[in-house]
Amino acid sequence: SMAGTVRDAQGGVLPGVTVTVSGGTVAPRVVVTTEQGAYSVTGLPPGSYSVDFELAGFGNQRREDVAVQVNRTTRVDVEL
């Protein structure tokens, strides 16, 4: 699985960020951050993924080659 928190430059959490996980052997998975700026994507098979973070009014971020391992939660925190 993969999880993390999205914050702005001042450290405030950002709800409503669209997080898209793609790559590996699965179709892209899309989730939206909660009121606490948190997201979680479960059920990802082991592999390497790209993660895109998008929110209107903020610059988009992309993380490449994010490794997901068996029985571990990969943490990807981002600042937009």
Side-chain angles (χ1 to χ4, degrees):
S1 63
M2 186 180 302
T5 303
V6 182
R7 298 180 182 276
D8 63 18
Q10 288 74 40
V13 296
L14 289 174
V17 177
T18 301
V19 181
T20 305
V21 178
S22 56
T25 59
V26 297
R29 302 274 299 276
V30 179
V31 297
V32 177
T33 57
T34 66
E35 289 295 318
Q36 294 79 33
Y39 71 94
S40 178
V41 181
T42 59
L44 294 172
S48 181
Y49 295 87
S50 294
V51 190
D52 293 292
F53 300 87
E54 302 176 40
L55 181 63
F58 290 83
N60 296 343
Q61 288 279 341
R62 173 173 259 223
R63 297 292 165 91
E64 303 269 358
D65 300 321
V66 177
V68 171
Q69 299 175 343
V70 176
N71 295 327
R72 293 198 144 183
T73 298
T74 300
R75 185 129 191 115
V76 182
D77 295 319
V78 172
E79 179 183 293
L80 292 185

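This structure is a prediction, so every number in the text was calculated from the model and none was measured.
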TODO: Take Asp52 and Gln61, measure what side chain to side chain contact (heavy atoms under 4.5 Å, CB included) needs, and give me the verdict at the end.
DONE: CA-CA 6 Å; Asp52 293 292; Gln61 288 279 341; over 6 Å; no
TODO: In sequence, state the C-alpha distance, the side-chain angles, and the governing distance for Met2 and Val51, and then conclude on side chain to side chain contact (heavy atoms under 4.5 Å, CB included).
DONE: CA-CA 10 Å; Met2 186 180 302; Val51 190; 3.5 Å; yes
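For the residue pair Thr5/Arg75, the side-chain donor-acceptor check at 3.5 Å is satisfied. Side-chain polar atoms of Ser50 and Glu64 form a donor-acceptor pair below 3.5 angstrom.
When side chains are defined from C-beta on, Pro28 does not count as touching Val21, because their heavy atoms never get closer than 4.5 Å. Counting heavy atoms from C-beta on, the side chains of Val78 and Arg63 come closer than 4.5 Å. For the pair Val68 and Pro46, the minimum side-chain heavy-atom distance is 4.5 Å or more.
A distance of 13.0 Å separates CD in Gln69 from CG in Leu44, rounded to the nearest 0.5 Å. Here Phe53 contributes atom CZ and Asn60 contributes atom CG; the two are 11.0 Å apart, rounded to the nearest 0.5 Å. The distance from atom OG1 of Thr34 to atom OH of Tyr39, rounded to the nearest 0.5 Å, is 11.5 Å. Note: Thr74 OG1 to Tyr49 OH = 9.5 Å, rounded to the nearest 0.5 Å.
When atom types are taken as modelled, the side chain of Thr33 and the backbone of Leu14 share a donor-acceptor pair closer than 3.5 angstrom. The backbone N or O of Val32 lies less than 3.5 Å from no partner atom in the side chain of Thr18, so there is not a single donor-acceptor pair.
The two residues Val13 and Pro15 make their nearest non-hydrogen contact at O-CD, 3.5 Å.
Residues Val6 and Val31 share a hydrophobic cluster, clusters being chains of Ile/Leu/Val/Met/Phe/Trp/Tyr side chains in contact below 4.5 Å.
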